[in-house]
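For reference, the structure discussed in these notes is given below.
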Amino acid sequence: MKLHPAVFLDRDGTLIEQVHHLVDPSKVRLIPGAADAVTRLRAAGYRIVLVTNQSVIGRGLLTEEGLNSVHAEMSKQLAALGTHVDRIYFCPVAPTVSDPRLVEHPDRKPGPGMLWRAAEEHQLDLSRSWMIGDAVSDVLAGRNAGVGGTIGVRTGYGAQLDAEDPAMDYLVDDLLAAAELIAKLQTDPSGASASPQSNEA
Ligand SMILES: [Mg+2]
């Protein structure tokens with residue numbers, strides 16, 4: 001059985017603009033360059049898997065149907081730019097603590113559950129996969145799942161990321177820069193160990 005590499009993407013603040021407790025499809029805005037990044041990563045052979053914590057459902061602020069409407073709008077905007085994500089996983093659990101490093105539920109990032117389920121359901125090779133996000137819980141979810149590399153982006157809440165955080169292999173400006181970095185490392189893998197905390201794409 002052939003396993004595929006994947007790029008696991010956070011949604012809010014990484015693929016689309018950060019909106020606190022996003023429930024309204026009309027507030028969905030792709031981050032500039034994000035669709036281009038998805039196009040490039042798919043062309044490079046990666047499955048694109050969105051993994052998103054959606055506590056709005058657990059908090060009773062949004063139904064699963066409402067979430068589907070948000071994702072339909074997101075997909076429409078991606079399609080208008082000629083691309084799409086391959087799969088979307090969400091975790092509806094509302095946290096009871098605010099520690100982004102604590103795994104309170106296996107599916108809620110930083111838990112690895114969504115990534116592991118995607119890997120099993122879609123024959124993904126975690127060791128050749130990446131996790132990209134704007135929060136420490138994102139890169140930690142990647143670490144906890146055992147992906148090959150983790151990338152923080154400075155969009156969304158990313159300004160709060162600490163470049164020295166050991167959960168993060170790289171910190172770059174945005175998703176497009178992350179896609180460029182992955183492409184660069186594909187052609188020149190030596191760059192991976194040479195600059196493990198590179199600020200450049
Ligand atoms: Mg985010």
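Only this structure's heavy atoms are used, side chains among them; waters, hydrogens and symmetry mates stay out. Positions are given from 1 along the sequence. First listed ligand is number 1; within each ligand, the first listed atom is number 1.
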query = Can you tell if the side chain of Glu64 reaches within under 4.5 Å of the side chain of Pro92, non-hydrogen atoms only?
reply = no
key: Matching residue for Ile16 among Arg29, Met74, Glu73 - test: side chain to side chain contact (heavy atoms under 4.5 Å, CB included)   = Met74
Carboxylate-amine/guanidinium proximity below 4.0 Å for Arg101 and Asp165 = yes
query = Any Lys/Arg nitrogen of Glu120 or Arg117 sitting under 4.0 Å from an Asp/Glu carboxylate oxygen of the other?
reply = no
query = Would you call Arg40 and Asp36 a salt bridge, taking side-chain N to carboxylate O under 4.0 Å as the test?
reply = yes
query = Does a side-chain N-to-carboxylate-O contact under 4.0 Å join Lys27 and Glu17?
reply = no
Total protein N/O/S atoms whose distance from the Mg ion (ligand 1) is less than 2.8 Å = 3
